[in-house]
Trainee: 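This is the structure, below, for whatever I ask next.
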Amino acid sequence: MRVLVTGATGFVGGRLVPALLAAGHEVRALVRDPDRYDPPEGVEVRAGDLADLDAVRDAFADVDAAYYLVHSMRAGTDFAARDRLLARHFATAADAAGVERVVYLGGLGVEGSDLSPHLRSRREVEAVLGEGDYALTTLRAAVIVGAGSASFDLVRQLADRLPVMVTPKWVQTPCQPIYVDDVVAYLVGLLEHPETAGETYEIGGPEVLTYGEMLERTAAQMGNRVVLLPVPVLTPRLSAYWVDLVTDVDRSLAHALIEGLRNPVVADDDQIRGVLDVGLTPFDEGVRRALEGR
Ligand SMILES: NC(=O)c1ccc[n+]([C@@H]2O[C@H](COP(=O)([O-])OP(=O)(O)OC[C@H]3O[C@@H](n4cnc5c(N)ncnc54)[C@H](OP(=O)(O)O)[C@@H]3O)[C@@H](O)[C@H]2O)c1
């Protein structure tokens, strides 16, 4: 197939592009700044910002499927409005070009359960993309483990830099992290299974852990030990300031992610397992690879 990847410069997109090539697809990457993108051989690069509909229309011509791997959390507090706009432009351009399949990687979290602005926004993007004429397949994931993942970077840097942590209630929130290669295997595998067109799947790794356990086990992989001292109240705002001091993760992005720590992110529905046989990497092994830069 000829496949368009948006977000090709990102953590997931940067791994998806070579995997699609390896699976025999022709790949076109839509990037905002081609000077900052070093594509694998054979990739057709198109320049365009999804904020500018006219600049991206042509990139959708003659593609069979398109991936949406974009978010605006680095753009600041109005990211939700911006992400709705980008998704609308993507859907409009895909429809105008007659694209048949779209794949979106969004976020887990139970709707109506006081979802954080970030997780609510990921769900809004899913709804906006769902308005297109193509068949949309959505994968919903929690923290993706791998080198360069902003959410995993938060865990890794805290585990590395803070031997004793005063932690709010969110250390008890359950999360089902998944290793990035397994996510990419799902993303690629969907195209080989036409029955997944139009479906929504929850994906997760082999273990459900609390954020506290993720911190402890990540620290252990680094030869560190963290002591978690729970306190009943530590507002997301305070947690965010404190994360700013300790990590170098982009501030806007870190703040948006921290708000989401209160929401359980667990794949309750494992339908995807009946469709795609992806071997799931244990959390500790995923962390080990991420620490090696993979
Ligand atoms: N990382 C995780 O733990 C995780 C977990 C669950 C779900 N996901 C989902 O996975 C997807 C990809 O996330 P990621 O972690 O790979 O993100 P990322 O590394 O931050 O990459 C985001 C991508 O979006 C692109 N982008 C942003 N604004 C754009 C615009 N206006 N026009 C075109 N491209 C734009 C960026 O391009 P530039 O290089 O030009 O900025 C970048 O390639 C997202 O949908 C996210 O919700 C990620």
Side-chain angles (χ1 to χ4, degrees), residues 4-17 29-39 45-56 59-60 66-76 78-90 93 102-109 116-126 128-129 136-156 175-184 186-187 201-205 211 214 249-250 252-254 256-257 260-261 263 265-267 286 290:
L4 175 69
V5 179
T6 64
T9 54
F11 161 63
V12 178
R15 288 163 169 85
L16 177 65
V17 167
L30 176 69
V31 299
R32 289 196 283 190
D33 180 0
D35 290 341
R36 284 195 302 110
Y37 181 51
D38 184 16
V45 181
R46 296 287 182 93
D49 188 320
L50 279 167
D52 179 354
L53 178 57
D54 290 332
V56 299
F60 289 77
Y67 285 87
Y68 192 85
L69 301 173
V70 168
H71 68 82
S72 299
M73 280 185 287
R74 288 186 180 81
D78 66 343
F79 65 86
R82 192 175 161 82
D83 275 330
R84 283 192 296 273
L85 179 81
L86 303 186
R88 204 169 303 123
H89 286 170
F90 178 102
V102 167
V103 177
Y104 167 53
L105 176 61
L108 278 168
S116 70
H118 155 53
L119 292 175
R120 202 178 328 121
S121 164
R122 292 290 82 197
R123 212 48 74 79
E124 282 174 2
V125 164
E126 193 179 313
V128 173
L129 292 175
L136 172 69
T137 306
T138 298
L139 296 184
R140 296 177 181 159
V143 169
I144 301 178
V145 178
S149 167
S151 57
F152 180 67
D153 267 351
L154 278 179
V155 174
R156 181 179 62 78
C175 172
Q176 194 170 351
I178 181 167
Y179 183 59
V180 62
D181 284 4
D182 304 343
V183 177
V184 168
Y186 279 131
L187 287 168
Y201 299 101
E202 301 187 341
I203 59 171
Y211 283 108
M214 285 169 61
V249 176
D250 176 272
S252 304
L253 185 48
L257 292 173
L261 295 177
N263 299 122
V265 274
V266 174

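Atoms within each ligand, like the ligands themselves, are counted from 1 in listed order.
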Trainee: Heavy atom to atom 22 (C) of ligand 1, shortest distance: which of Arg140, His71, Arg15, Glu126 holds it?
Mentor: His71
Trainee: Does the side chain of Phe90 come within less than 4.5 Å of Val70's, by heavy atoms?
Mentor: no
Trainee: Just let me know how Arg74 lines up against ligand 1, side chain, backbone, both or neither, with a heavy-atom cut-off below 4.0 Å.
Mentor: side chain
Trainee: Who gets closest to atom 46 (C) of ligand 1 by heavy atom: Leu257, Leu105, Leu119, Val180?
Mentor: Leu105
Trainee: Any idea which heavy atoms bring Leu30 and Ala59 closest together, and the distance?
Mentor: CD1-CB, 3.9 Å
Trainee: Is there a donor-acceptor pair closer than 3.5 Å between any side-chain N or O of Arg15 and the backbone N or O of Phe11?
Mentor: yes
Trainee: Taking only non-hydrogen atoms of Gly146, do any sit less than 4.0 angstrom from ligand 1?
Mentor: no
Trainee: What atoms of ligand 1 come within less than 4.0 Å of a heavy atom belonging to Arg122?
Mentor: 44 (C), 45 (O), 46 (C), 47 (O)
Trainee: Could you state the interatomic distance from NE2 (His118) to CG (Asp83), rounded to the nearest 0.5 Å?
Mentor: 10.0 Å
Trainee: Would you mind listing which atoms of ligand 1 come within a distance below 4.0 Å of any non-hydrogen atom of Ser151?
Mentor: 2 (C), 3 (O)
Trainee: Which is closest to atom 31 (N) of ligand 1 by heavy-atom distance: Ile144, Asp49, Val31, Leu50?
Mentor: Asp49
Trainee: Test of understanding: given a 4.0 Å heavy-atom threshold, classify the contact between Ala75 and ligand 1 as side chain, backbone, both, or neither.
Mentor: neither
Trainee: Calculate, to the nearest 0.5 Å, the distance between atoms CG and CG belonging to Leu119 and Leu108 respectively.
Mentor: 8.5 Å
Trainee: Are the side chains of Val155 and Val145 in touch, meaning some heavy atoms are under 4.5 Å apart?
Mentor: no
Trainee: Show which atoms of ligand 1 fall inside a sub-4.0 Å distance from at least one heavy-atom site of Thr9.
Mentor: 36 (C), 37 (O), 38 (P), 39 (O), 42 (C), 43 (O)
Trainee: Looking at Gly7, which atoms of ligand 1 are within less than 4.0 Å of one of its heavy atoms?
Mentor: 23 (C), 43 (O)
Trainee: Of all the atoms in ligand 1, which lie at a distance below 4.0 Å from a heavy atom belonging to Val12?
Mentor: 16 (O)
Trainee: Would you mind listing which atoms of ligand 1 come within a distance below 4.0 Å of any non-hydrogen atom of Ala142?
Mentor: 5 (C), 6 (C)
Trainee: Return the residue, atom name and 0.1 Å-rounded distance of the protein heavy atom closest to atom 26 (N) of ligand 1.
Mentor: Val70 CG1, 3.7 Å
Trainee: Between His118, Arg32, His89, Met73, which one has a non-hydrogen atom sitting closest to atom 29 (C) of ligand 1?
Mentor: Arg32
Trainee: Which ligand 1 atoms are under 4.0 Å away from a heavy-atom of Arg82?
Mentor: 31 (N)
Trainee: Which heavy atom of Cys175 sits nearest to which heavy atom of Met214, and what is that distance?
Mentor: SG-SD, 3.8 Å
Trainee: Is there a donor-acceptor contact under 3.5 Å from the side chain of Thr9 to the main chain of Gly14?
Mentor: no
Trainee: Geometry only, no angles: is Phe11 polar-contacting ligand 1 at N/O separations under 3.5 Å?
Mentor: yes
Trainee: I'd like to check Pro177 versus Phe152 (side-chain heavy atoms, cut-off strictly below 4.5 Å). Are they in contact?
Mentor: no
Trainee: Only heavy atoms of Ser149, strictly under 4.0 Å: list the atoms of ligand 1 that pass.
Mentor: 1 (N), 2 (C), 3 (O)
Trainee: Would you find a donor on one side and an acceptor on the other, under 3.5 Å apart, between the side chain of Asp78 and the backbone of Ala81?
Mentor: no
Trainee: Between ligand 1 and Gly10, is the shortest N or O to N or O distance under 3.5 Å?
Mentor: yes
Trainee: Any nitrogen or oxygen of Arg36, side chain or backbone, less than 3.5 Å from one on ligand 1?
Mentor: yes
Trainee: Of all the heavy atoms in Leu69, does at least one lie under 4.0 Å from an atom in ligand 1?
Mentor: yes
Trainee: For ligand 1, is Asp33 a contact, meaning one of its heavy atoms is under 4.0 Å away?
Mentor: no
Trainee: Supply the atom-to-atom distance Tyr67 OH to Leu105 CG, rounded to the nearest 0.5 angstrom.
Mentor: 10.5 Å
Trainee: Measure the distances from the heavy atoms of Gly106 to every atom of ligand 1 and state whether one is below 4.0 angstrom.
Mentor: yes
Trainee: Do any heavy atoms of Ala141 fall under 4.0 Å from ligand 1?
Mentor: yes
Trainee: Taking Gly205's backbone N and O only, do any of them form a donor-acceptor pair with Gln176's side chain (distance below 3.5 Å, no angle check)?
Mentor: yes
Trainee: Under 4.0 Å from ligand 1, counting heavy atoms only, is it the side chain of Leu86, its backbone, both or neither?
Mentor: side chain
Trainee: Answer whether the closest heavy-atom distance between the side chains of Thr138 and Leu129 falls below 4.5 Å.
Mentor: no
Trainee: Check whether any side-chain heavy atom of Tyr104 sits under 4.5 Å from a side-chain heavy atom of Arg122, and report yes or no.
Mentor: yes
